[in-house]
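Contents: one structure, followed by commentary.
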2 protein chains.
Amino acid sequence: MFFEIALSYLLCIFKLLFKTQTKQISLFSMYEELKYWYLRDHKLFRVLSFAQIKQLCIIVGFKKANKGEIIYFSNSETPRIFLLKRGAIKIVSLDEDGNETIKDIVQKGDLFGELTLESDSVVNEYAKVLTDEVSICSFLLSDFEDLMLRNPNLALGYTKFVGLKMKRLKNNYSNLVSKDARTRLIAFLKDWAEKEGVFENQKVTLGNYLTQNDIAQIICTSRQTATTLLNEMVESGLLEYNRKEIIIPDISVL
Amino acid sequence: MFFEIALSYLLCIFKLLFKTQTKQISLFSMYEELKYWYLRDHKLFRVLSFAQIKQLCIIVGFKKANKGEIIYFSNSETPRIFLLKRGAIKIVSLDEDGNETIKDIVQKGDLFGELTLESDSVVNEYAKVLTDEVSICSFLLSDFEDLMLRNPNLALGYTKFVGLKMKRLKNNYSNLVSKDARTRLIAFLKDWAEKEGVFENQKVTLGNYLTQNDIAQIICTSRQTATTLLNEMVESGLLEYNRKEIIIPDISVL
DNA sequence: TCCTGTTTGTAAAGTAGCCGACAAAAGCAT
DNA sequence: ATGCTTTTGTCGGCTACTTTACAAACAGGA
């Protein structure tokens with residue numbers, strides 16, 4: 001098993017600081033430091049200075065969870081935005097008829113939660129942990145709004161970020177309308193490869209934390225169809241597939 | 001042919017002003033006045049004061065067009081945001097295979113264009129005028145960004161606005177995934193009624209500027225299916241339908 | 001190790017909605 | 001009116017998918 005990333009970060013910073021300037025560094029300030037790094041490496045917050053982030057202290061929660069765990073985050077008393085620091089989760093929504101659909105796969109470094117800045121109580125969403133373990137930090141929507149009001153650059157950046165999400169969704173939408181399941185599967189695999197794949201020339205290796213059922217839901221088809229398509233692709237040599245990893249021998253011919 | 005709306009508006013204001021206070025009002029300042037009102041009645045800009053809007057002068061273009069006209073706006077040299085002042089248009093996108101899909105129906109008071117603040121040259125979109133005539137004004141994306149940087153409140157408001165669009169799209173998406181064509185048609189009609197319908201108790205009247213083909217594209221089905229469904233609904237008394245208007249006798253039973 | 005729940009594989013039957021084809025109706029310009 | 005274009009109505013065949021159903025393979029805990 002691995003240590004919590006927060007801990008390792010802390011340790012690292014701790015060591016460094018001890019060597020150079022042990023005196024006035026309290027544990028509290030190290031905690032602040034940590035928050036800084038957590039936010040710091042999200043591109044959204046790059047526009048802010050070190051001092052600014054430190055000052056703001058908007059992170060109010062850390063959380064760690066293991067595979068299979070379910071994290072409820074919608075209709076919470078106080079709306080929050082979450083930042084996934086490690087691992088991957090899926091956002092699942094339960095509609096009135098009781099069937100669950102995958103809204104999104106959130107990976108390391110991604111934000112999720114009330115991204116539209118308006119909490120709507122109607123939707124019933126929760127997150128399910130896909131990887132061995134995840135760590136998540138969160139801040140209050142209201143704090144974030146204040147922060148944006150004081151930093152128009154951040155607001156602009158955030159708007160573009162939401163815009164990007166929107167563009168992706170639009171793309172999925174038009175795929176769903178005009179392309180068949182096979183094409184959608186290929187598009188999804190390419191996407192996934194681009195985001196997380198390890199490239200060796202044309203060969204791409206993906207750590208596979210999705211079941212075929214997950215994949216099916218993402219590309220909006222039935223589990224059986226997804227299974228058949230995947231096996232067909234394995235058959236024709238486009239793919240190597242098992243529960244642990246997916247290898248695409250040559251992504252250019254996918 | 002009709003005159004440019006800007007011109008006619010100008011003329012109108014011009015006349016009025018001449019009667020009351022001819023002295024210090026220059027033509028320039030009247031033009032400013034006009035811009036003010038155009039922006040003013042979009043809720044997004046309510047956070048700005050009269051003086052602020054006047055100062056900003058971000059509107060750079062007016063345009064008027066008639067039914068059936070096509071307005072190209074994507075991949076223009078300088079990215080803009082447009083504000084539809086009157087009428088309705090559809091945003092159509094042409095994909096690589098040459099089939100056109102309706103991206104959006106834009107009604108009076110709505111914004112369209114590079115809403116995500118990032119121009120992407122990939123998509124090939126244009127607008128087609130649906131109503132007898134429309135008037136449109138536009139401003140430069142860069143001006144708008146500057147404006148937001150100076151008015152964080154506006155930036156926040158805009159983000160929420162984009163978020164709302166996103167929410168709508170998400171909703172459509174999940175309808176498309178889990179509901180059949182009939183349900184989608186009903187959902188669309190309800191939506192439309194809410195946005196533009198004239199209510200008399202449970203009876204709603206809609207000015208119909210869409211062809212059945214348009215409707216079909218909006219709910220993502222074939223024209224034939226849409227036609228059949230509509231006729232079925234007329235048959236069963238849920239609807240009165242003709243090319244000019246749609247009447248829903250009782251929206252509660254739709 | 002076995003046992004149990006989850007995930008994957010496969011087949012057959014059923015179906016919503018697409019597509020092509022054609023005709024009638026409506027709108028529009030001359 | 002007269003033609004010409006767009007829109008609407010209707011039919012049947014077709015197909016990509018869903019659903020149901022069951023079995024094999026796997027994974028993880030006791």
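Throughout, a chain's letter reflects where its sequence line sits, starting with A, and its residues are numbered from 1.
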Minimal heavy-atom distance between Pro249(B) and Leu238(B), with the atoms involved, is CD-O, 3.2 Å

Rounding to an integer number of Å, can you tell me how far Asn213(B) CG sits from dA25(C) C1'? 17 Å

Close aromatic pair by centroid cut-off 6.0 Å: Phe112(A) and Phe73(A): yes

Given dA27(D), dC19(C), dT7(D), which nucleotide is nearest the side-chain atoms of Gln224(B)? dC19(C)

For Asn66(B) and dC28(C), give me the distance from atom CG to atom P, rounded to whole Å. 13 Å

OP1 or OP2 of dT18(D) sitting under 4.0 Å from any side-chain N/O of Thr225(A)? yes

Rounded to the Å, how far apart are Leu176(B) CG and dC18(C) C1'? 15 Å

I need the CG-P distance between Asn242(B) and dA26(C), as an integer number of Å. 11 Å

Tell me if the side-chain of Arg182(B) makes a donor-acceptor pair with the base of dG17(C), cut-off 3.5 Å, by modelled atom types. no

Among the candidates dG9(D), dC18(C), dG17(C), find the nucleotide nearest to the side-chain atoms of Thr227(B). dG9(D)

Give a yes/no answer on whether the side chain of Gln212(A) brings an N or O atom under 4.0 Å of OP1 or OP2 in dG9(C). yes

Side chain of Arg223(A): nearest nucleotide among dG9(C), dT10(D), dA26(C)? dG9(C)

In this structure, how many angstroms lie between the C1' atom of dC17(D) and the CD1 atom of Ile219(A), rounded? 12 Å

Hey, is the main chain of Asp214(B) close enough, under 3.5 Å, to the side chain of Gln217(B) for a donor-acceptor pair? no

Please determine if a side-chain N or O atom of Thr221(A) lies less than 4.0 Å away from the OP1 or OP2 oxygen of dT18(D). yes

Electrostatic pair Glu232(B):Arg182(B) at N-O distance under 4.0 angstrom: yes

Side chain of Asp180(B) - closest among dA16(C), dT7(C), dG9(D): dA16(C)

Would you tell me if any nitrogen or oxygen in the side chain of Asn231(B) comes within less than 4.0 Å of OP1 or OP2 on dT10(D)? yes

Could you check Lys63(B), Arg86(B), Lys85(B), Lys67(B) and say which one makes a salt bridge (Lys or Arg N to Asp or Glu O under 4.0 Å) with Glu133(B)? Arg86(B)

Of Cys220(B) and Lys67(B), whose closest DNA chain C nucleotide lies nearer the 5' terminus? Cys220(B)

